[in-house]
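To start, the structure itself, in structure tokens.
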Amino acid sequence: MRFSFVFMVLGIVLSVGILSAGLNLFAGYERTLKAVLLDSFAHISISETDSYLSRHKADQLIPKLEAMPEVQSVSPTETFSAMVNKDGEVHGALIRGYDFKRPFPYRKYIRKGEPSLDSGSVYIGHYMASELGLEVGDSLKVVYPQLNRVSALGIFPGEYFFRVAGIYRSGYYEYDRSAVIMTLEDAINVIMVPGYISNIELKLKPESVGAAGKLAKELEATYPELVAQAWTQNNDSLFRLIAMEKWLIFIIFSFLVLIAGLNVVSAVVTIMYDKKNEIAVLKTLGAGLNSIRGLIFYRIALVGIAAIILGQIFGWILSLLIINQSWYSLKGDVYFIDQLTIYVSPFNQVAIFVVSACLILICVRLPLRRINRMEIIELIRNP
Amino acid sequence: MTILEARHLAKSYQDSDRRIEVLKDANLLVNKGDLICITGKSGCGKSTLLHMLGLLDNPDQGKVLIEGKEVSSSSKEAPQIRNRDLGFVFQFHYLVEDLTAVENVALPLLIAGHSKSTSLAKAAELLSGFGLEERLNHYSNQLSGGEQQRVSLARALINKPKVVLADEPTGNLDPEKSAEIWETILRLNRELEQAFVVITHDREQARLASITYELEHGVLSPVNP
Ligand SMILES: Nc1ncnc2c1ncn2[C@@H]1O[C@H](COP(=O)(O)OP(=O)(O)O)[C@@H](O)[C@H]1O
Ligand SMILES: [Mg+2]
């Protein structure tokens, strides 16, 4: 009896632990990804329908945008793709020019170096820095092919040298690999479109972030010649996919708990046969079948519930171990972020508890129905 | 006043190719204050009869009446009748091993729905009356055979049943312990008019009963003292 009981408890603890660890990790991923995307993207990006935005127009627009109650900061930006080159090694780059006379919305991601940029200096992504072997203070060549400098020998790319003034690391893998952040004027210089910017980035106040989509629509209604894109527009399907995957994990790992339930069934059967004399005595003394079943059910169920809670604690420890190990990390180019984090969501924990408890209790209940088939006479005759 | 009555009980078992008729036409009347002994050869069907009287098994034919009312072991009220109106003592004491002596005795009260504290208090009182006040919190494997059987007897009596059914209660005890149990039964019968149906092999014991029956060929017949 002890033996099957130990396996029953072990099975529950392990299966609930794996279910719980899986969900902790997945919820952590979802939360971190959401936070990273929320922080590393403009909440609303405003641009001209199919051309650059004139600085004149932007200057008129910015004060109006800043006056909106939902808006936290407004940044005119110049964003384009280019290449960087260090000692012959070429690397794709996403150039992002910001006006450093205004508050820089991504300051918290500058992990090393100077707090602000001057003309001629750049922040570069953490992975770009490590791949190219760049440190703060090194110099970097930005290469941008310019169509207006076409000659008989081909396209002459414009080449510009910058000093690395800091390292950018947001957790969003794509940016950490390719971002080169410079002043707005430098960026305009590189692509040579003076008087124009590519877009205006809006950061919303935390309480208004959820309403980004609605706000973008309102902006488009007010300024029909502009395009306003909310961050949710790009990521909606991603989050829906993640939510669905979370449910799949939940359902698949719940089957583990069901398998642990089989152990419970066999433990209950063993206990019933172990205690058949006692059951016979109780029947003889007039105990109803339901009260005998209740007696056994209550004791095993209590152990089962305790094992579920233990499993949830084990799951938490397991997920802590997983995020603190060093031999596996997420592939940033597949999963957008490369850091494993956990989030012990109260909702998930309650769901795990309720689903596991239901499964386990059914598995305790099921074999107890056999008790009325265990004849008292047989038991009393054959002690 | 008739407490328990068996009318024309018949029971047979199919034993591989052969049918064994254990009981053919067993009749029995138990009145208040009776001490009835049933004797008979081993395997003649005494236990089978007792199980039917105790509503633990159904006869093939005939009926069992308690205070004039027919009841069957499979009926809804059978558990309640076993709990309130009948007491059981078996040859093997059948105490619940996980429970102490006092808890075992309290079981019928607990099953009847009394509170734990009153059940345990009553059980302790009764056990003390049986000279077991030192053994209340012992588990059954910490008790001697005689003590275990006295605990069983106390458990059979705790709900003040109309009749106690005992199947060779002294069959496993040495003569001294056996006499002790038997004296207790006689005393309860005399002082409280407690009715007993006792299956025994012991002729000496049977001689002290108010009525003795012998079970032979499936029929109960009175033995003249
Ligand atoms: N379930 C059963 N199946 C077949 N035979 C049985 C069964 N129960 C009892 N018997 C038989 O019935 C007879 C009477 O048994 P029992 O009442 O225990 O006798 P006693 O108690 O007088 O020694 C025995 O021969 C026994 O083998
Ligand atoms: Mg017998």
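Lettering follows sequence order; numbering is per chain, from 1.
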Handout entry: NE2/His217(B): more than 12 non-hydrogen atoms of other groups inside 6.0 Å
Key = no

Practice task
Check each atom of Leu282(A) against the heavy atoms of chain B and say whether the ones under 4.5 Å are side chain, backbone, both or neither.
Solution key: both

Completion exercise
d(Leu285(A) CG, Leu110(B) CG) to nearest 0.5 Å is 10.5 Å

Fill in the blank from the handout: OG1 of Thr284(A) to CG of Leu107(B), rounded to nearest 0.5 Å, is 11.5 Å

Fill in the blank from the handout: The complete set of salt bridge (charged side-chain N to carboxylate O under 4.0 Å, His left out) pairs with one or both residues in residues 287-303 of chain A, sequence neighbours excluded, reads none

Handout entry: Within 6.0 angstrom of Glu77(B) CD, more than 12 heavy atoms from elsewhere
Key = yes

Practice task
Find the one option among Val96(B), Asp167(B), Leu86(B) whose heavy-atom pairs under 4.5 Å with chain A are most numerous.
Solution key: Val96(B)

Practice task
Measure the CD-CG distance between Glu278(A) and Leu95(B) for me, rounded to the nearest 0.5 Å.
Solution key: 10.0 Å

Exercise for the section: Please check if atom CD in Glu245(A) has more than 12 non-hydrogen atoms from other residues, nucleotides or ligands closer than 6.0 Å. Expected result: yes

Exercise for the section: May I ask you to check whether over 12 heavy atoms, not counting those of Lys205(A), lie within 6.0 Å of atom NZ? Expected result: yes

